[in-house]
Amino acid sequence: MAVFLDRLGRLAFRRRWRVLLMWVAVLVAAGTASALAPAAPDGSYSMPGTESQRAFDLIEQRFPGVSVGSSAEGASAKIVFVAPDGQKLTDQGNRSVVDEVVGRVGKVDQVVRAADPFEADAVSEDGSTAYASVTFEVKAKDVGDAAKQDLEKAVEAGRDAGLTVEVSGSVLATQPSGGATELVGVVVAAVVLLITFGSLAAAGLPLLTALIGVGIGTATILALSSALGLSSATSTLALMLGLAVGIDYAMFIVSRYREERARGLAPEDAAGVAVGTAGSSVVFAGLTVVIGLAGLSVVGIPTLTQMGLAAAGTVALSVLVAVTLIPAMLGIFPRAVLARSVRRAGARPDADADKPNTGSRWARLIVRRPLPVLLVAVAALGVIALPAAKLHLGTAGDESKPTSTTERRAYDDLAKGFGPGFNGPLTIVVDAGTTDDPKAAVAATAREIAGTAGIVSVSAANFNKAGDTAVFSATPATAPTDERTVDLIHTLRGDRPAIEKATDATFMVSGSTAGNIDSDQKVQGALVPYLGLVVGLAFLLLLIVFRSVLVPLKAALGFLLSVLAALGAVVAVFQWGWLAGLLGVDRTGPIMNTMPIVMVGIVFGLAMDYEVFLVTRIREAHLQGERPGQAIVSGFRHSARVVVAAAVIMISVFSGFIGVGETLIKMIGFGMAVAVLFDAFVVRMTIVPAVLALLGERAWTMPHWLERLVPHVDVEGHALTRDAVTKAQSIDEAERVDLPAR
């Protein structure tokens, strides 16, 4: 591996302009293809294998071309009216205002129907609250700006007349602030890189190559979105993780190049050794990331599978960019990537590279007292991880949005006026095709469900044209995210055999609330198998890389510890409300169901990156003859600074999302930031050296029978570094021979 990558790096260094033009051509081609490709389809969130999905599929089959419940094709909205305190909407003045607003909305372009709340029985019992259902002839993304402005003007007219008027639905949905967060992350990355390398060229090179790789990856995803049915959200994870690993990989290769130049190697030789050594680590680190992301397919959720595979492809592309474009750019800027102080005439690059630095001092401190350090670090992460045992997954909706949004205020007004369960009605799909009297069977089913404890009311049944299938809504007494609502759905499904026996008709419980609960259970059930898969495959890969059993085991256990600690912190803040006010979290509740498993995939990749980069340098020093303790110190002297810089960049990027108004985005940003913080600084920089110090020589051994089976892969580039040292010594001797006699 190292020899092949060394040759590849040298070839790219010599053919620098051809390699650069090739990648630029690929970027232009991908960008052109994405610009010419059809628009990405609307995001669809299916959940194969669940009852709610089977019910939705039955509705699609039995009600073709008809909007029923969640199968509606056009955009929709609810305009919520609330009368001033002490008044009712049925009062003549208030009713006139409602009629005027609904009438204006009904005339808005692209609106098919605006239902009169007084005729549609959409007024609360106390008369204080009402809502008008608005249906559009187009999907939400196709609603024109003029239509939105007219709708907003009608709503403002109602507010000016003295009523509280709010809007829920996708048409006027408040978009979370974003866009600038990525820019902030790039700026922070540039500053950290500049401080780390002390050179504008060295700082800009990782950013440039990472942006090229991410640009090609995201453009390719957009170009294939229509053909492969990818949603527009698929590129989000690819963009985030591709930028992260692209910067990391470039940093390590550039850092190794500078180090080899410090040994006295010529630019081409240094580039070859850098790609052969650090590039080998990049390849295997990239493989672990790909494993973690591709493993999302085991969850069985198409959206997660698409996101994982797209991000995995972008990471693989980042690896190719790192081992080819980086040495080509080093060929263009062989001296510019060195610090300014070492580019001065007569100065030897990094002459003090082998002297103690902060990384080596930190490692030496841990090596002296490994057991106390290990116990304190593990105990600290264990305490932080305790809240994870109370993790409650859910799918947050308008109730999780800030109170500054009209959707959240509309949600609260509807819950207050019509009851907390109004915002999450259950959709009951009755298949009465096998009965002699379908209408009677549906009516009997509705009566049985209405009599279930926890059901407030049921709506009139809506039959299909064939008359063999009906759909009606059942409103629970509790909110969609309430645990009692979960119990209610389980009760209805548990009572199904008895109800079906009494009515001779089958039914399924669906709707957004039931679908969210099914989704929660599916994700929660897949979390442990997913962890087992990615950790197991990564263990095998690291077994090959380090030729050790204990080092991969330590890496896997450390990753699990950091992930559990991160989940514990997320639960404490977003579910229990600790420090919620400090982070601007308006309302606590369940954790977004897909958030933990996506976080596991991303953090797994980044954690294995840091593990491979850090431990390979330690093993490299050990293979060169250093004792285990000294090898740890040497490895930290050469790699700790770059690992810390990479972690700081990632934490800064993810932390930028904590300031966003959207609670779900806050959750993702906070979870990723604390996960990288724990894994990089507590696990990799503290626990790893402590464990290696305690293991000593045992860390680098494996059973003889297993050693014969595991292939030899020179990831550390032992042969390359040995040759490089010999060549550097030869150069020094030649320089001494050429010195003039004094």
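Just so it is clear, the structure is predicted and the values come from calculations on it, not from any experiment. Residue numbers start at 1 and run along the sequence shown. The basis for the numbers below is simple: all heavy atoms, side chains too, and nothing from hydrogens, waters or symmetry mates.
Counting only distance, with no hydrogens or angles, the side chain of W700 and the backbone of V551 share no donor-acceptor pair below 3.5 Å. Proximity of a side-chain donor or acceptor of E260 to a complementary backbone N or O of P267 within less than 3.5 Å is not detected. With hydrogens and angles disregarded, no donor-acceptor distance shorter than 3.5 Å links the side chain of R16 to the backbone of L330. Distance alone, capped at 3.5 Å, is enough to place a donor-acceptor pair between the R698 side chain and the L695 backbone. R641 places a side-chain N or O within 3.5 Å of a backbone atom of T196 that can act as its donor or acceptor partner. Under the 3.5 Å distance criterion, the side-chain polar atoms of T686 are matched with a main-chain donor or acceptor of F681. Side chain of Y530 to backbone of G292: a donor-acceptor contact under 3.5 angstrom is found. Using modelled atom types, one side-chain atom of R258 and one backbone atom of F197 make a donor-acceptor pair closer than 3.5 Å. When atom types are taken as modelled, the side chain of N357 and the backbone of R637 share a donor-acceptor pair closer than 3.5 angstrom. In terms of modelled atom types and a separation under 3.5 Å, the side chain of S548 and the main chain of A699 share a donor-acceptor contact.
The nearest pair of heavy atoms linking F613 to A278 is CE2-O, 4.3 Å. Between I253 and A274 the shortest heavy-atom distance is O-CB, 3.7 Å. The minimum heavy-atom distance linking L317 with G217 is given by the pair CD2-N, 3.5 Å. Of all the heavy atoms in A312 and A294, the pair that sits closest is CB-N, 4.4 Å. P689 and I366 make their closest contact through CG-CD1, 3.8 Å (heavy atoms, listed as atom of the first residue, atom of the second, distance). Annotation for S639 and L614: closest pair OG-CD1, 3.2 Å, computed over non-hydrogen atoms.
The distance from atom CZ of R10 to atom CG of L5, rounded to the nearest 0.5 Å, is 12.5 Å. If you take CG on L374 and CG on L694, they are separated by 6.0 Å, rounding to the nearest 0.5 Å. Here the CG atom belonging to L692 is positioned 5.0 Å from the CD1 atom belonging to I632, to the nearest 0.5 angstrom.
With sequence neighbours left out, the ring-ring contact (aromatic ring centres under 6.0 Å, His included) criterion links Y257 to no other residue.
For the residue pair H622/Q630, the side-chain donor-acceptor check at 3.5 Å is not satisfied. Side chain to side chain, T209 and W23 fail the donor-acceptor criterion of an N or O pair below 3.5 Å.
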Salt bridge (Lys or Arg N to Asp or Glu O under 4.0 Å) between E611 and K554: does it pass, once the steps are laid out?
-> CA-CA 10 Å; E611 176 76 14; K554 168 214 35 99; 2.4 Å; yes
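Figure legend: R256 and F252 shown without cation-pi pairing, the cationic atom not lying both under 6.0 angstrom from the six-membered ring centre and within 45 degrees of its axis.
Shown are L553, L709, V710; of these, the side chain to side chain contact (heavy atoms under 4.5 Å, CB included) with L543 is made only by V710.
For the pair R361 and F636, the minimum side-chain heavy-atom distance is 4.5 Å or more.
For F539, the CZ atom is densely surrounded, since the number of other residues' heavy atoms within 6.0 Å is greater than 12.
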